[in-house]
Amino acid sequence: MNVRPNASAELAILVVAAGRGARAGDGLPKQYRSLAGRSVLAHALSALHRAAPDALLAPVIHPDDLELYGACVAELDASVAGRLKAPAFGGATRQDSVRAGLEALEGDRPGIVLIHDAARVFASAALIERAIVAARAHGAAIPGVAVTDTIKEIDADSAIVATAPRARLRAVQTPQAFDFDLILSAHRKAAAAGANELTDDAAIAEWAGHRVHVFEGDAANMKITSASDISLAEARLIRDLQDIRTGQGYDVHAFGPGDHIWLGGIKITHDHGLIGHSDADVLSHAITDALFGALADGDIGSHFPPSDPQWRGAASKIFLAAAAAAVRACGGMIAHVDATLICERPKVGPHRDAIRAAIAAIIDVPLDRVAIKATTSERLGFTGREEGIAATAIATIRLPL
Ligand code: MG
């Protein structure tokens with residue numbers, strides 16, 4: 001292998017995330033679909049970092065997806081984000097996108113590059129190790145798994161024309177692994193020759209005249225394509241989040257002059273306002289504290305000190321979204337939030353659905369994982385005298401062990 005004195009990483013992993021495929025539902029490209037609380041791409045990048053902590057992660061995205069990509073990066077643990085190269089922008093085809101990613105990596109001069117689909121979120125350390133070893137030994141290598149179904153070739157009328165010998169068939173996966181210079185040069189040659197219908201990087205290496213080795217893949221390294229794959233992948237990811245924690249939160253704000261209050265990010269007309277340093281959204285504050293409590297990571301006051309003028313009059317959904325992001329940054333998910341408002345007035349019932357939907361949107365979980373309840377205190381105590389509103393909340397989160 002060439003000596004690369006200026007290498008910033010011996011290994012780069014190019015993550016192809018520029019596709020438009022929305023077959024997995026939600027109307028979003030599938031790499032940005034939510035999966036157990038984080039985007040598919042955030043899961044893929046996190047799994048790759050766990051498997052190869054020293055690798056440079058090089059995403060290729062669609063230029064229309066910058067906002068979605070920014071949200072994905074916000075879901076990453078700092079250690080993952082720290083290995084992330086600025087995204088390259090993909091082209092019209094997967095082949096164009098990979099070439100753009102390789103060109104962007106040229107200055108980093110990695111020895112080996114792995115080319116991986118963002119839709120595969122279960123790449124294991126053992127698989128990545130086999131990929132690196134095979135690339136070093138063969139220059140071009142891809143993972144393949146034995147085919148268990150018999151494969152038939154059919155004609156245009158669906159009649160069988162051939163039965164392939166199953167023992168010699170492999171279903172191939174990613175990451176496909178290459179000597180960096182070999183695959184960059186093959187991509188450049190293919191582009192210059194107008195050979196633009198090569199479906200994977202192995203085909204490009206073959207087209208350029210290289211022998212491509214097939215190493216042992218991993219049946220667990222599934223590719224997310226359809227909505228049912230999303231469900232399957234989600235079940236596997238949730239199963240792996242075994243550290244289940246509960247946090248509680250409690251908050252009170254006093255009534256004062258005003259004509260509206262904020263509850264769960266919803267503005268509600270009332271004959272008083274609530275007094276507070278921020279927007280005094282007592283419900284959002286209680287849920288924020290429940291989330292920080294579940295993480296055993298201080299409270300709303302330690303994260304957003306009232307002494308800091310930037311939080312004066314702030315919309316409390318900022319605090320709530322930040323607490324939810326802190327759960328995701330640990331690789332976790334919010335399993336459930338249950339909150340109760342305690343007040344005589346305003347009547348919460350008419351606003352409950354809107355509040356619930358707003359909370360679910362702010363913390364980015366499905367509606368059926370959020371419960372909002374309300375009660376009076378039977379005219380007893382400070383809430384009974386309508387001096388203020390109290391809120392309690394419980395949050396259940398799941399973290400990796
Ligand atoms: Mg408060």
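Counting convention: from 1, in listed order, for ligands and their atoms alike.
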### Query
Taking the six-membered ring for Trp, is the centroid-to-centroid distance between Phe215 and His138 below 6.0 Å?
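No, ring centres 6.0 Å or more apart.
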
### Task
Classify the angle between the aromatic ring planes of His270 and His272 as parallel (below 30°), tilted (30 to 60°) or perpendicular (above 60°).
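Answer is tilted, since the angle falls between 30° and 60°.
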
### Query
Under 30°, 30 to 60°, or over 60°: which ring-plane class applies to His303 and Phe292, parallel, tilted or perpendicular?
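Answer is parallel, since the angle falls under 30°.
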
### Message
Ignoring hydrogens and geometry beyond distance, is a side-chain donor-acceptor pair present between His253 and Asp251 at under 3.5 Å?
### Response
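Checked: His253/Asp251 side chains pair up, N/O donor to acceptor below 3.5 Å.
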
### Query
With the threshold set at 4.0 Å, does a side-chain nitrogen-carboxylate oxygen contact exist between Lys317 and Asp281?
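A salt bridge is absent here (no side-chain N lies under 4.0 Å from a carboxylate O).
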
### Task
Under 2.8 Å from the Mg ion (ligand 1), how many protein N/O/S atoms do you get? Just the number, please.
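Those protein atoms number 3 in total.
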
### Backbone N/O of Phe319 and side chain of Ser316: donor-acceptor pair under 3.5 Å
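Answer holds: no.
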
